[in-house]
There are 2 protein chains.
Amino acid sequence: MAVIDQEGAEKLTMRRLAHHLDTGPASLYVYVRNITELNALLIDRHLAGLDLRWDDPDESARQRVHRTLEDYAQLLASRPALAQAALITWPQGPHYLDLLELLLRALHDLGLDTPTAGRAVDLLLQVATASAAEQAAHASVNAQDLAELEATLGSADPERHPLLVEAGPSVFTGGSPAERNAWAVDVLINGLLRTHVAAAPLTDDTHDTDGTCSVGR
Amino acid sequence: MAVIDQEGAEKLTMRRLAHHLDTGPASLYVYVRNITELNALLIDRHLAGLDLRWDDPDESARQRVHRTLEDYAQLLASRPALAQAALITWPQGPHYLDLLELLLRALHDLGLDTPTAGRAVDLLLQVATASAAEQAAHASVNAQDLAELEATLGSADPERHPLLVEAGPSVFTGGSPAERNAWAVDVLINGLLRTHVAAAPLTDDTHDTDGTCSVGR
DNA sequence: ACCTGAACACCGTTCAAGT
DNA sequence: ACCTGAACACCGTTCAAGT
């Protein structure tokens, strides 16, 4: 398999890679079926740089999930094209399997049954990927459209959107991406501990299953 | 503002729209700054078709959140380009504000404070958007890469990835998108009810704040 | 002043023709 | 048999020239 530019924070295209390899773009299709597959392979390659072991007995399962997702999100956030690609395709390769296995183990340790843990891994990775994609996109546009968002929110009519006006734009924009991410992971874990996948998958009453513990409201 | 093809499930490009309007692509830049802005406006236009009121006293706040996000996800899932765009840009326009207001109100009713509700709206919409984007992408590729995912998972080494092998590929692929979505929303709501945004935003102990109620484990 | 044809600098993918 | 130059069918954006 060809050498791939590790550094380029720039978007990796078929043509750019081909140029880098001193050939025409057609040659790449010998190794790869389409650009999606190229990206999937590339993600796995970057994943190789992550620490996906879990030896430290002082680190709780919850902390391990946090650290893993933070690393993963950060990896994707610095490479806009990759984040974009990871949302659409399942990455493939050995390191991605390591990532899945690690998360599965941590969630198991937290007490989740296998079906719940499987879906949970999917959901956790989806959230991490989505926020990385958003972050990467905004970084490249120089955060100029953040002002635009605030303008839109500012145009809210107090009659029609009272809560929106009361809350103010900072509710949506406040906090660093990392902080927001960590909070989201906490929300997810706390929710997962109380929302199992229905045993009988065909009954459609999952909607109102409230979990085992009902406090607030 | 120009008339926009409502129907086209096809990707809306500057050039296609211009052709539809019998002009060159350059003309569009009088009304719109770039393609991102075009998509943001388009999303709002589609949002107009959604029911964003909340009159029915028989419908609980939880149910209303479910219905809203299901509608929103379905709207985006049928238009791949829109789902993709919604991940990267904040949509803009009056109907999007209606959507935010509705969710904010429902979450308030569920007992969330304003800062938590704000972040929660962001998170809920992100999850709905991300799964719609994934769904839309897979639908257009004819689900042929799902077989690829199962092949990757099948190649897992029982020594290195015991839990992955034990769980089997169905853990990640099982269930309809709608069902998976509904489950995700339940997880989020259950988690949100127990994970408030830290009052002092600078302390970094959000990680281990376990919520108010600890059952399981 | 307002609009836009044509050009610029790119894409991913295919396929016939070369070695 | 294997590889690839060149072509195909597109993109978003800009800008000089026309009305």
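First the proteins, then the strands, lettered A, B, ... as listed; each starts at 1.
- Nearest heavy atom pair, residue A:L110 against residue A:R62, reads CD2-N, 4.3 Å.
- Whole-Å rounding puts the A:L28 CG to D:dC2 C1' distance at 15 Å.
- Contact between the side-chain N/O atoms of B:R16 and the OP1/OP2 oxygens of D:dC10 is not found at any separation under 4.0 Å.
- Close to C:dT4, at under 4.0 Å from its OP1 or OP2, lies no side-chain N or O of B:T23.
- In terms of phosphate contacts, A:S27 brings a side-chain nitrogen or oxygen within less than 4.0 Å of OP1 or OP2 of D:dT4.
- One atom, CE of B:M14, and another, C1' of D:dC10, lie 16 Å apart when rounded to the nearest Å.
- When both pairing distances are held under 3.5 Å, D:dT14 makes a Watson-Crick or G-U pair with C:dA6.
- With C:dT13, D:dT4, D:dG12 as the candidates, the nucleotide lying closest to the side chain of A:R15 is C:dT13.
- Between the CD atom of B:Q84 and the P atom of D:dG12 there is a distance of 14 Å, rounded to whole Å.
- Distance OH (B:Y31) to P (C:dT4): 8 Å, rounded to an integer number of Å.
- Between C:dC15, D:dG12, C:dG5, one nucleotide has an atom nearer to the side chain of B:A26 than all others, and that is C:dG5.
- Nearest to the side-chain atoms of B:V30 among the listed nucleotides D:dT4, D:dT13, C:dC3 stands C:dC3.
- Among the candidates A:T116, A:L193, A:L124, A:T114, the single residue satisfying the side-chain contact (heavy atoms from CB on, under 4.5 Å) test with A:L107 is A:L124.
- Between B:L50 and B:H95, the closest side-chain pair of non-hydrogen atoms is not below 4.5 Å.
- A:N190 and B:T195 form a side-chain donor-acceptor contact under 3.5 Å, judged by distance and modelled atom types alone.
- In this structure, CG of B:L12 is placed 15 Å from C1' of D:dC10, rounded to the nearest angstrom.
- If you take atom P in D:dA9 and the same atom in C:dC10, they sit 22 Å apart, rounded to whole Å.
- Taking atom OH of B:Y29 as the reference point, atom C1' of D:dC15 lies 13 Å away to the nearest angstrom.
- OP1 or OP2 of C:dC11 lies within a sub-4.0 Å distance of a side-chain N or O belonging to A:T13.
- Per the geometry, CG belonging to A:L17 stands 13 Å off C1' belonging to C:dG12, to the nearest Å.
- Searching all strands for a Watson-Crick or G-U wobble partner of D:dA1 with both distances below 3.5 Å returns C:dT19.
- Ring geometry, B:Y96 versus B:Y72: the interplanar angle falls from 30° to 60°, so the pair is classed tilted.
- For A:D22 and D:dG5, the CG to P distance is 10 Å, given to the nearest whole Å.
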